[in-house]
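Worth saying up front: this structure is predicted, and the values here are computed from it rather than measured.
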Amino acid sequence: MTFRSKTIIGIATIEVILLVILVVSAMGFLRDSNESQLIQRANTTTEMFMNATKDAVLSTDVARLDDLVNDIVTVEDVQYVKVVRQGITLASAGDNILLKRDVISDVDLSSVNDGVFDKRVPIMVNGDEFGHIEMGFGTESINAMLEKARKSIIGIAAVEVILVAIFSFVLGTYLTRSLVRLTHATKTLSERGPGYQINSASKDELGQLSHAFDEMSRKLEATYDELRQARKEAEYACDSKSRFLASMSHEIRTPMNGVLGILSLLEETKISKEQKQLLTTATESGNFLLSIINDILDFTRMESNTLLLENKKFNVRRSFESVVDTYTTTAKSKDLILHLYFEGSMPEYAKGDVNRLKQVMHNLIGNAMKFTEQGSVTIKVSSELKSDHCLLNFSVIDTGIGIEQDAIPYLFDEFTMVDQTFSRSQEGSGLGLAICQRLCELMDGSISVTSEKGTGSTFSVSVRLDLADDASDETNQSKSSTDDLSHLRILVAEDNKANQLVIVNMFKNVGVNIDVAENGKEALEAVTRYDYDLVFMDISMPVMDGMEACKAIRELDSETANVPIIALTAHALTGDREQFIASGMDDYLSKPVRLSQLVEKIHLFLNINGDEDCNLTQNSQVTLRKSQSEQEETNTEQSEPFPMNHDTSHLDSNLVDETVLQQMIQDTCAEVIPTLIEHYVEESRARLEKIYQAITERDAEQLEFESHTLGSSAMALGNRELALLARKIEGLCLEGQAEEAYQFIDELKDLATRSIAALEARKLKGFEQSA
């Protein structure tokens, strides 16, 4: 119920209650007043008649009594009269029925039940009752008058209720009008941004509230641009910090590895005891510095969402034992008990990123050893087996110094240590536990801690791992596959020309010629004509989108309806995968897609033997993408992460991401990249014109579609900053904030011009196939 309705009903209710009280009071007053008058008249009349007839009664003058009785009965409202002496009626007049009754004097109107107020008065002589007079007074006139008064009062009250309702409506509308305008203004402000004005002319309290709102809106509008600029600068500063840390970490790691290598060679030479001690200290310091650099590198990759996890098969028990074994010497040197035991049944093999899992174990066990001077460090491992996966749980329990309770809430924050003083006993970057937490989250798990100061700490970890077949050999990264995929017939539905060229060349590298459909309708027609082993389906396409096409395929009356369909899309928000699966798709890949991911899906859905991350051949070997950790190790041995003929250091890495281009070369070939860029530039310029037109015409649906496609192709070709802006605009449209999306037109024009120009400049420098 609205405030206005409540106000109207409240006012009307109060008025009606008051009217009811008034009507009841008025009717009560009239009744009491007439009753009093009736009683007074009855008493006076009977008293006067008794005095007038007293002598006639004593002398038994019946003639005189008859005259008096006949005279009194003519008085208004007198219904009967009777004179009685010692039980004998001497004279009477009036209604015969009433005269035959046994009379009992009435006290008030409430005791009247026959319409007659009866009155009995004794005739006293020398203190003795000699006789009495009975007289009845009719109450019909009083009742008629009261009924008439009641109807009149109710009629007046009804008219007043109507007037009160009208008054309440007018007053309620007046009182809430300013509140309604203020509510509308607040909603408008939240949807369109600051600047909206109410411009109320009222001088009362509500008017003052409206004036305060207008002033607030003006101030917000004045600072809105400054806030937006400050936000952009903050985001740019954060990106710059991440790029700087990652770049410096790479640059420092290479000479640091050289220093450690030289130190290890010096250990093999003949040196004095003092020199050996200095050498040991230098080596420990170098390894400590390298661990900090690795933490910073991991953290920056997590912060920029570029850290990828492997999904390899590994031996669960052996992995824990190998990590714990590395701390045996340290435990002996500190006279600590180091114990590992497994609770319940454990899967022998699981699939996941074993290196990152070991990194979490190393960090937690290393911390436990560092902060425990006596007692023990215990590692408990357990698992919860599900149908196709398991929850792996392990705890690291120590009897060390423990943690203050007020320090636990920020224990997993980055660059944070429990001992923040200048005299702290342990060194470190403050990133170890923050990295552990993020790694656990990436593995669909969690990490928690319980601790008591002076008693010890328990760190508990839970991660989700896929189950692996015990019968198969463990995954070996060096393993190669020569699976012949040329017999497969694959359909790709993709409307973007540049993306078509990329996917066609990717499949060529594994010996597969594919069919390409421009939209969902062509894909539907294609599957009805040919038998395909697999369909990769884009989502956002003209004529018919991917989900509509998938539903139509599933409704076909043939075996074609069961063909595996994998979504190939830039939609990667929470809930998108579930939506695609609900439409009938079997799986999905988010763009930009890699060749290794395509091959993995082929192996998964078509049951082709071979390693998912193998090296595929067609005349010459094409190397698929290495894992992120493997690539970083490779970088420490190379001055450049990729062989290049030309210097590209002056190019903005956000405008043209060289890593993406090099990955594209690996997935396809160097010769196709210039053509691919030309297609991309041509399509992007045409798409940008549609975006500008959609913004001009305030067409949110068209803007969402075009910006989605632009973001997908821009990310695939390394125009990272342009892709992020396009996806931001798309997201605003999807969230119903189109007006805010329209404000990015100038920023989009500038960024698109610079991004495309940078990519064309990079094309002129040429490309070379990676070794």
Side-chain angles (χ1 to χ4, degrees), residues 308-314 347 349-354 386-390 442-444 464-477 479-494 503 506-515 523 527 531-539 546 550 553-554 559-569 571-572 576-618 622 624-627 667:
L308 303 177
L309 296 182
E310 294 181 342
N311 193 30
K312 306 286 186 181
K313 179 180 174 183
F314 66 93
Y349 294 99
K351 292 182 71 177
D353 195 326
V354 65
K386 307 294 183 180
S387 59
D388 60 344
H389 70 276
C390 72
L442 287 173
M443 290 185 278
D444 295 332
R464 184 187 186 280
L465 299 172
D466 294 331
L467 296 176
D469 185 7
D470 295 349
S472 60
D473 295 330
E474 292 188 46
T475 304
N476 187 338
Q477 290 186 5
K479 179 183 176 182
S480 64
S481 172
T482 58
D483 291 332
D484 182 13
L485 307 178
S486 61
H487 66 284
L488 299 178
R489 185 155 197 169
I490 296 176
L491 173 67
V492 176
E494 170 64 61
I503 295 174
M506 281 184 178
F507 277 108
K508 279 185 179 179
N509 278 330
V510 294
V512 178
N513 290 316
I514 64 173
D515 294 339
V527 297
D531 292 329
Y532 289 102
D533 299 292
L534 197 66
V535 176
F536 289 96
M537 184 79 74
D538 188 18
I539 297 298
C550 178
I553 292 173
R554 296 306 186 208
E559 286 297 320
T560 302
N562 299 319
V563 62
I565 302 176
I566 300 171
L568 199 63
T569 177
H571 291 283
D576 284 339
R577 183 182 188 277
E578 291 74 14
Q579 185 180 5
F580 302 151
I581 299 301
S583 69
M585 296 185 178
D586 299 282
D587 206 341
Y588 96 118
L589 287 173
S590 60
K591 296 178 182 178
V593 70
R594 300 275 73 90
L595 177 58
S596 58
Q597 296 172 315
L598 294 173
V599 174
E600 177 184 351
K601 296 305 178 185
I602 293 175
H603 285 244
L604 177 65
F605 284 94
L606 302 184
N607 295 321
I608 299 175
N609 294 326
D611 186 31
E612 293 175 356
D613 292 311
C614 61
N615 295 333
L616 301 170
T617 60
Q618 184 195 22
V622 179
L624 297 183
R625 186 178 209 173
K626 296 181 179 179
S627 69
D667 287 346

Participant: Does a side-chain heavy-atom distance below 4.5 Å link H389 with D444?
Facilitator: no

Participant: Give, for atom CE of M537 and atom CD1 of I566, the distance between the pair rounded to the nearest 0.5 Å.
Facilitator: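 The CD1 atom of I566 is 11.0 Å from CE of M537, to the nearest 0.5 Å.
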
Participant: Could you state the interatomic distance from CD (E494) to CG (D538), rounded to the nearest 0.5 Å?
Facilitator: 4.5 Å

Participant: Not counting sequence neighbours, which residues clear side chain to side chain contact (heavy atoms under 4.5 Å, CB included) with N562? List them please.
Facilitator: E559

Participant: Are any of the side-chain heavy atoms of K312 and V354 separated by less than 4.5 Å?
Facilitator: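 The answer is no; the side chains never approach within 4.5 Å.
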
Participant: Can you tell if the side chain of V492 reaches within under 4.5 Å of the side chain of F507, non-hydrogen atoms only?
Facilitator: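 In contact.
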
Participant: To the closest 0.5 Å, what do you measure between CZ (F536) and CD1 (I490)?
Facilitator: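 With rounding to 0.5 Å, CZ (F536) is 5.5 Å from CD1 (I490).
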
Participant: Considering all heavy atoms of both residues, which atom of I581 and which atom of D587 are nearest to each other, and what is their separation?
Facilitator: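 Where I581 meets D587 most closely, the heavy atoms are CD1-N, 3.8 Å.
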
Participant: I want to check something: taking the side chain as every heavy atom from C-beta on, are L534 and I602 in contact at a cut-off of under 4.5 Å?
Facilitator: yes

Participant: Considering only heavy atoms from C-beta outward, does the side chain of I503 approach that of L568 to under 4.5 Å?
Facilitator: yes

Participant: What is the minimum heavy-atom distance between D533 and P564, and which atoms define it?
Facilitator: O-CD, 3.4 Å

Participant: For L488 and V512, work out which heavy atoms get closest and say how close.
Facilitator: O-CG1, 4.2 Å

Participant: Check salt bridge (Lys or Arg N to Asp or Glu O under 4.0 Å) between D515 and all other residues, then give those that pass, not counting sequence neighbours.
Facilitator: R489

Participant: Is there a donor-acceptor pair under 3.5 Å between the side chain of D586 and the backbone N or O of I565?
Facilitator: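 Here the side-chain-to-backbone pair exists.
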
Participant: Can you see which heavy atom on M585 is nearest to which on I539, and at what distance?
Facilitator: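 Minimum heavy-atom separation between M585 and I539: CE-CD1, 3.6 Å.
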
Participant: Is the closest side-chain heavy-atom distance between F314 and L465 below 4.5 Å?
Facilitator: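 Heavy-atom side-chain distance check passes, below 4.5 Å.
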
Participant: Looking at R554 and A561, what are the two nearest heavy atoms and their distance?
Facilitator: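 Residues R554 and A561, closest heavy atoms: NH1-O, 2.6 Å.
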
Participant: Identify the heavy atoms of A523 and A493 that sit nearest to each other, and give their distance.
Facilitator: CB-CB, 4.0 Å

